[in-house]
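Contents: one structure, followed by commentary.
A, B, ... follow the sequence lines: proteins, then strands. Residue 1 opens every chain.
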Number of protein chains: 2
Amino acid sequence: METEAAPGERVFSPRQAEVLEAALRELVEGGRPLTMGAVAKRAACSKETLYKWFDDRDGLLTAIVRFQAARVQVAAVEPGRLDLASLTARLEEFAANWLRVIASETSIALNRVAIGQAGGGAVPLGAIVLENGRFALGRRLKPVLEAGRAAGLIDFPESEEAFRTFFGLFARDVQIRLLLGERLDLAPDTIRADARRAARQFLTLYGAQPSTGMPG
Amino acid sequence: METEAAPGERVFSPRQAEVLEAALRELVEGGRPLTMGAVAKRAACSKETLYKWFDDRDGLLTAIVRFQAARVQVAAVEPGRLDLASLTARLEEFAANWLRVIASETSIALNRVAIGQAGGGAVPLGAIVLENGRFALGRRLKPVLEAGRAAGLIDFPESEEAFRTFFGLFARDVQIRLLLGERLDLAPDTIRADARRAARQFLTLYGAQPSTGMPG
DNA sequence: GCCGAACCGTAACGTTCGTTACGCTCGCCG
DNA sequence: CGGCGAGCGTAACGAACGTTACGGTTCGGC
């Protein structure tokens, strides 16, 4: 998926990618706050190299966030021709994907760092996470929603509002509970069931025709 | 200080409450990470006193969280006799209250600290926040939901699941965006409108009878 | 008025950690 | 072969901060 380098997006050398992988592992596995020394040791590189490549600790954190964001890119769903079944499937798939992402150790650790320094640091880590997480998500789903509307399957005045409602329906309290350290086990079956329920409820709220609950 | 108190709940002396207020202000207003020195200076007390009263930094943080939690206690709603109008009003009021809480600077700062040390520290700050936030919330609302079910206004198999859906409907992406540092302006009108929408959507999903949207 | 306890302000100590500097090895290029 | 730049490992420096210790002040009780 090497389509285009957006402005502000830097491509990392293979060795740099290795270092960032190591930093990510350190962030996830080592419960401690991330220190430059720990990253250097785990990556088997020198601190001097870290500073040369990433300037300072904030730069390293920013690089980690961007690096991870570049990998999480889910394939954009192309609207295509939609009937009720395929729209439902798209919604379910989308919700399940997102639940899997926010339940991953990596996402939790990254969000923790971004939240922990939000409001304090000079570097808007939180903004980067939001841009590549929540907002990228919205941009991905909106075409699907609008295609569904064009097909007469659902209706809403604003796709942004419709998306936020869908977000609430599948995310619910999961993310905040995970971030606060609760050990929720999100088994694949649980995720699938939650995604199905969210899609069904969304269609109930926004369906152009009264949608009857399917069995199952 | 042999004062017998409720299990896990300690009562603070007036002076201690002052100090905790100051600590809370420092946490909210000073963008920096909370240091013992900053708290002592703002509270006009000595560090030695801080350590005597709260043992160490974790103890101080825990005390701050408990102190704030003890103040936020919203009045428990008593189910009483419910018709559709009063149930709707209860839900709207509940959602609006919660939105006001999570949008407050204090709640954001406290959640940031709890999240920042979740998974790392020995003291489960996150668990305390969850217990006094999300879970206390559920305990407050469930009687209302069950009274609504008893009155035949709504129906659901599990009040926990119904509550989580309602939570998703009013919280949506607000909390995560605030925690990540986005400046959302939640004007009173916005909050009221969001609460109304969430209550209406919840009744649409769980209403025993098809509820028609009200004008306005 | 005197005593002791509580408390304030400040100094001091040790650790952690970000940041910089230095010596060494290794692979590439002329 | 010789130079050289990149990068590794480690040491060193300085600041921030948690924690402890100390001297001075206030205040209630005798």
Side-chain angles (χ1 to χ4, degrees), chain A residues 10-65 67 109 112-114 116-117 119-123 125, chain B residues 1-3 10-27 29-65 67 109 112-114 116-117 119-123 125:
Chain A
R10 200 153 41 130
V11 62
F12 298 110
S13 75
R15 177 59 181 145
Q16 286 174 332
E18 275 182 34
V19 170
L20 290 174
E21 295 252 24
L24 220 31
R25 277 203 311 277
E26 172 64 25
L27 195 62
V28 171
E29 297 170 12
R32 311 165 286 273
L34 193 75
T35 73
M36 303 297 278
V39 172
K41 176 181 275 190
R42 192 183 281 255
C45 76
S46 75
K47 290 203 229 174
E48 192 164 11
T49 302
L50 290 184
Y51 283 95
K52 172 182 284 202
W53 286 348
F54 308 110
D55 290 342
D56 53 14
R57 187 172 178 274
D58 275 349
L60 175 60
L61 288 177
T62 305
I64 294 173
V65 170
F67 177 70
R112 284 219 180 109
V113 178
Q117 75 114 58
V123 180
L125 262 195
Chain B
M1 50 203 80
E2 291 288 310
T3 60
R10 197 146 52 123
V11 62
F12 299 111
S13 75
R15 176 62 180 141
Q16 285 174 333
E18 276 181 34
V19 170
L20 290 175
E21 295 252 24
L24 219 30
R25 276 203 311 276
E26 172 63 25
L27 195 62
E29 296 170 10
R32 312 165 286 273
L34 193 75
T35 73
M36 302 297 278
V39 173
K41 176 180 274 190
R42 192 183 281 254
C45 76
S46 75
K47 290 202 227 174
E48 192 163 12
T49 302
L50 290 183
Y51 282 96
K52 172 182 285 202
W53 285 348
F54 308 110
D55 291 342
D56 53 13
R57 187 171 178 274
D58 276 348
L60 174 61
L61 288 176
T62 305
I64 294 173
V65 170
F67 177 70
R112 284 219 180 108
V113 178
Q117 75 113 59
V123 180
L125 261 195

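No engagement by A/A40 is indicated, since no non-hydrogen atom pair under 4.0 Å with the nucleic acid exists. Using a 4.0 Å heavy-atom distance criterion, A/L60 is classed as making no nucleic acid contact.
The side chain of A/R57 approaches C/dG18 more closely than any other nucleotide in the set D/dT19, C/dC8, C/dG18. Set against D/dC22, D/dC8, C/dC7, the side chain of B/W53 has C/dC7 as its closest nucleotide. Distances were taken from every side-chain heavy atom of A/R15 (C-beta onward) to each of C/dC17, C/dC8, D/dC8; the shortest belongs to D/dC8. Closest to the B/K52 side chain, of the nucleotides C/dG9, C/dT19, C/dC7, is C/dC7.
C/dA21 atom C1' lies 13 Å from atom OH of A/Y51, rounded to whole Å. One can place CG of A/D58 at 14 Å from C1' of C/dC17, the figure rounded to the nearest angstrom. Computed from coordinates, the A/F54 CZ to C/dG18 C1' distance equals 16 Å when rounded to whole Å. One can place CG of A/L34 at 14 Å from C1' of C/dT16, the figure rounded to the nearest angstrom. Rounding to whole angstrom units, CG of residue A/D56 and P of C/dC17 are separated by 17 Å. Going from atom CG of B/D55 over to atom P of D/dT20 covers 10 Å, rounded to whole Å. For the pair A/L50 CG and C/dA21 P, the interatomic distance rounds to 16 Å; values are reported in whole Å. One atom, CE of B/M36, and another, P of C/dC8, lie 13 Å apart when rounded to the nearest Å.
Below the 3.5 angstrom threshold, one finds a donor paired with an acceptor across the side chain of A/E48 and the base of C/dC22. For A/K47 against C/dT20, a side-chain-to-base donor-acceptor contact under 3.5 Å is absent.
Residues B/L61 and B/V113 have side chains in contact (heavy-atom distance under 4.5 Å, counting atoms from C-beta outward). Between B/R15 and B/T49 the shortest side-chain heavy-atom distance does not fall below 4.5 Å.
In this structure, CE on B/M36 lies 12.0 Å from CD on B/E48, to the nearest 0.5 angstrom. Rounding to the nearest 0.5 angstrom, the gap separating the CG atom in B/L60 from the CH2 atom in B/W53 is 11.0 Å. Rounding to the nearest 0.5 Å places SG of B/C45 at 12.0 Å from NZ of B/K52. Atom CG of A/L34 and atom CZ of A/R57 lie 6.0 Å apart (nearest 0.5 Å).
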Paired and unpaired positions of DNA chain D as dot-bracket, Watson-Crick or G-U wobble under 3.5 Å, | denoting a partner strand: ||||||||||||||||||||||||||||||

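Contact between the side-chain N/O atoms of A/T49 and the OP1/OP2 oxygens of D/dC8 is found at a separation under 4.0 Å.
The main-chain N or O of A/K41 is never found under 3.5 Å from a side-chain atom of A/E26 such that the two would form a donor-acceptor pair.
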